[in-house]
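What follows is a single structure, written as structure tokens, with notes after it.
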Amino acid sequence: QELPEMILLKFFRPENTPVPTRPTPEQLSNLIKTSLHYPESFNHSFHQKSLCLVPVTLLLSNCSQAVVDVMIDLRHKTTSPEALEVHGSFTWLGQTQYKLQLKSQEVYSLQLKACFVHTGVYNLGTPRVFAKLADQVTLFETSQQNSMPALIIINNI
């Protein structure tokens, strides 16, 4: 039995075919990757000083090939009673909103300070990050995918 003859397929695209340039909502919500860097646990003497300040680094990575406008909002609070019971409440000190622009593949490090008044386990994963492509005229940025909870243990010494 003879094998059928193989035919080479030729693919071509006319030059005037418009290439879709608008990214999908899924792509827009993954422009910026964030990660928080902080100590797993922190020892503080609340008897000597009532406020415990912990340095936290928010690392922002532009995962796209485009220039991206980024807005960081630290005013977001976890308000669900379950979360407050488990994690308690803390405050970010200093500036509460940041606007910056990241070049293609750029990584930016933002130094933050978390302020605690009690011992306990806290979720530092409250910063909200929004982004949009710099060359797009949109009224709002797309919320970026949030990472896992970032738990820190504050101990009294």
Side-chain angles (χ1 to χ4, degrees), residues 18-157:
V19 178
T21 55
R22 187 146 182 87
T24 65
E26 170 78 19
Q27 290 170 319
L28 285 175
S29 68
N30 288 298
L31 291 173
I32 301 294
K33 181 177 177 282
T34 61
S35 61
L36 285 167
H37 298 269
Y38 57 92
E40 209 171 275
S41 66
F42 196 84
N43 296 327
H44 178 79
S45 174
F46 285 96
H47 303 299
Q48 289 179 353
K49 205 172 180 187
S50 60
L51 295 181
C52 170
L53 302 181
V54 178
V56 177
T57 301
L58 175 60
L59 216 56
L60 302 155
S61 307
N62 181 354
C63 299
S64 75
Q65 299 296 324
V67 177
V68 176
D69 288 331
V70 183
M71 197 206 59
I72 299 114
D73 188 356
L74 300 177
R75 298 169 303 171
H76 181 63
K77 289 279 184 244
T78 308
T79 52
S80 70
E82 305 84 31
L84 287 174
E85 276 174 32
V86 176
H87 309 300
S89 184
F90 73 97
T91 305
W92 291 107
L93 282 192
Q95 195 173 328
T96 58
Q97 283 188 313
Y98 297 85
K99 285 188 184 213
L100 39 117
Q101 197 171 70
L102 297 182
K103 294 178 186 69
S104 166
Q105 304 292 310
E106 184 181 353
V107 176
Y108 185 84
S109 177
L110 188 61
Q111 302 305 314
L112 306 172
K113 276 209 183 326
C115 177
F116 305 91
V117 293
H118 301 291
T119 60
V121 178
Y122 297 87
N123 180 11
L124 294 176
T126 61
R128 291 193 303 178
V129 178
F130 302 91
K132 73 175 185 68
L133 297 174
D135 60 0
Q136 283 200 331
V137 185
T138 54
L139 294 174
F140 59 91
E141 290 94 350
T142 305
S143 181
Q144 298 303 287
Q145 295 287 349
N146 219 348
S147 55
M148 299 297 287
L151 300 180
I152 185 172
I153 302 166
I154 303 298
N155 298 307
N156 191 21
I157 52 168

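The first residue in the sequence is number 1, and the count goes up from there.
Every side-chain hydrogen bond (donor to acceptor under 3.5 Å, both in side chains) that S109 has, sequence neighbours left out, goes to Q111. Partners of F42 by ring-ring contact (aromatic ring centres under 6.0 Å, His included), not counting sequence neighbours: none found.
For the residue pair D69/Q101, the side-chain donor-acceptor check at 3.5 Å is satisfied.
L102 CG to L60 CG: the interatomic distance, rounded to the nearest 0.5 Å, is 6.0 Å. Atom CD in E106 sits 9.0 Å away from atom CD1 in I32 (nearest 0.5 Å). Here the straight-line distance linking atom CD of Q65 with atom CG of L31 works out to 11.5 Å at 0.5 Å rounding. Atom-to-atom distance recorded for T91:OG1 and L74:CG is 11.0 Å, nearest 0.5 angstrom. Residue K103 holds its NZ atom at 11.0 Å from OH of Y108, rounded to the nearest 0.5 Å. Atom CZ in F116 sits 10.0 Å away from atom OG in S89 (nearest 0.5 Å).
More than 12 heavy-atom neighbours from other residues, nucleotides or ligands sit within 6.0 angstrom of NE2 on H37. When the shell of 6.0 Å around CD of Q97 is examined, it contains more than 12 heavy atoms from other residues, nucleotides or ligands.
Between W92 and L124, some side-chain heavy-atom pair lies under the 4.5 Å cut-off. Between I153 and L151, every side-chain heavy-atom pair lies at or beyond the 4.5 Å cut-off. Counting heavy atoms from C-beta outward, T34 and I72 have side chains that stay 4.5 Å or more apart. Looking at heavy atoms from C-beta onward, V107 lies in side-chain contact with L59 at the 4.5 angstrom threshold. Proximity of L133 to V67: side-chain heavy atoms (C-beta onward) are nowhere separated by under 4.5 Å.
The minimum heavy-atom distance linking N30 with C63 is given by the pair O-CB, 3.9 Å. Among all heavy-atom pairs drawn from I154 and H118, the shortest one is CG2-O, 3.9 Å. When all heavy atoms of P127 and L58 are compared, the closest pair comes out as CB-CD2, 4.5 Å. Scanning all heavy atoms of the two residues, the minimum distance from S104 to S64 falls at OG-O, 3.5 Å.
Not a single donor-acceptor pair under 3.5 Å links the side chain of H44 to the backbone N or O of T119. A donor-acceptor pair under 3.5 Å is formed between the side chain of N156 and the backbone N or O of F46. A donor-acceptor pair under 3.5 Å is absent between the side-chain atoms of N43 and the main chain of I157, judged by distance alone. In this structure, N123 contributes its side chain and A150 its backbone to a donor-acceptor pair below 3.5 Å.
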Stepwise side chain to side chain contact (heavy atoms under 4.5 Å, CB included) test for F90 and V54:
CA-CA 11 Å; F90 73 97; V54 178; over 6 Å; no
Determine, step by step, whether L51 and V117 satisfy the side chain to side chain contact (heavy atoms under 4.5 Å, CB included) criterion, reporting the C-alpha distance in whole Å, the side-chain angles of both residues, the deciding distance to 0.1 Å, and the verdict.
CA-CA 5 Å; L51 295 181; V117 293; 3.4 Å; yes
After noting the C-alpha distance and the side-chain angles of Y98 and V70, does the key distance pass the side chain to side chain contact (heavy atoms under 4.5 Å, CB included) rule?
CA-CA 8 Å; Y98 297 85; V70 183; over 6 Å; no
